[in-house]
Amino acid sequence: MYDIIIIGAGTAGISAYKEAIKHTQNILIINAGSWETTCARVGCMPSKLLISSANRMHEIKNAETLGLQHDAVVNTSTVMDRLHKLRDHYIRATLKEVEQWDSTHKISGHAKFT
């Protein structure tokens, strides 16, 4: 019997665990799949990095309205290298945190209500 059971270790589940553990040690988090979160791997974080690059390029290409001239070129390899470097940093940080949790507080697998 647990005080709190969290199903899913996505960004919300991890945040819920970090808050709940402040109040009770009698907690369990159940996660099917990767513990590094979809957000860090392929979702929110990588997409925001791409959007940031696109926004900067848009600003550069529209700089003429401010009297600035620049021949803007997108180097997709460099953009993707930056994305992979930062994404991998986010993943390592998330996994490092999860690995420090007490192993009795987490289960890899599917939750089922009966």
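The structure displayed is predicted, hence computed values, not measured ones.
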Results of salt bridge (charged side-chain N to carboxylate O under 4.0 Å, His left out) for Lys61 - residues two or more places apart only: none
Closest non-hydrogen atom pair, Val74 against Met57: CG2-CE, 3.2 Å
Closest non-hydrogen atom pair, Thr11 against Cys39: OG1-CB, 3.3 Å
Reported CD1-to-CG distance for the pair Ile60 and Asn55, which is rounded to 0.5 angstrom: 11.0 Å
CZ-OG1 distance between Arg41 and Thr94, expressed to the nearest 0.5 angstrom: 10.5 Å
Side chain to side chain contact (heavy atoms under 4.5 Å, CB included) evaluation trace for Leu86 with Met45: CA-CA 9 Å; Leu86 291 172; Met45 293 176 186; over 6 Å; no
Ile14 and its side chain to side chain contact (heavy atoms under 4.5 Å, CB included) partner, picked from Asn31, Val98, Ile6: Val98
His23, NE2: over 12 other non-hydrogen atoms inside 6.0 angstrom: yes
Heavy-atom closest contact (Ile30 atom, Ala111 atom, distance): CG2-N, 4.0 Å
Short side-chain donor-acceptor distance under 3.5 Å, Asp102 and Thr104: yes
Expected output: side-chain Ser52 to main-chain Lys48 donor-acceptor under 3.5 Å: no
Exercise: identify the closest heavy-atom pair between Ser47 and Cys44: OG-O, 3.0 Å
Test item: Tyr2 and Ile27 side chains (from C-beta on) under 4.5 Å apart, heavy atoms: no
OG1-CG distance between Thr76 and Leu83, expressed to the nearest 0.5 angstrom: 12.0 Å
Approximate separation, where rounding is to 0.5 Å, of Leu28 CG and Asp3 CG: 11.5 Å
Salt-bridge present (Glu36, Arg92; N to O < 4.0 Å): no
Atom pair OH/NZ of Tyr17 and Lys106 - distance to nearest 0.5 Å: 8.0 Å
Heavy-atom closest contact (His105 atom, Gln25 atom, distance): NE2-O, 3.0 Å
Side chain to side chain, Pro46 and Tyr90, heavy atoms closer than 4.5 Å: no
Donor-acceptor pair between His84 and Asp88 side chains, under 3.5 angstrom: no
Taking every non-hydrogen atom, the tightest pair across Ile4 and Ala20: CD1-CB, 3.6 Å
Within one Ile-Leu-Val-Met-Phe-Trp-Tyr cluster: Trp101 and Ile91, side-chain cutoff 4.5 Å: yes
Sidechain-backbone polar pair: His70 side chain, Ala63 backbone, donor-acceptor under 3.5 Å: no
Separation of Ile51 CD1 from His58 NE2 (nearest 0.5 Å): 14.0 Å
Common cluster, Val42/Leu50, ILVMFWY with side-chain heavy-atom separation under 4.5 Å: no
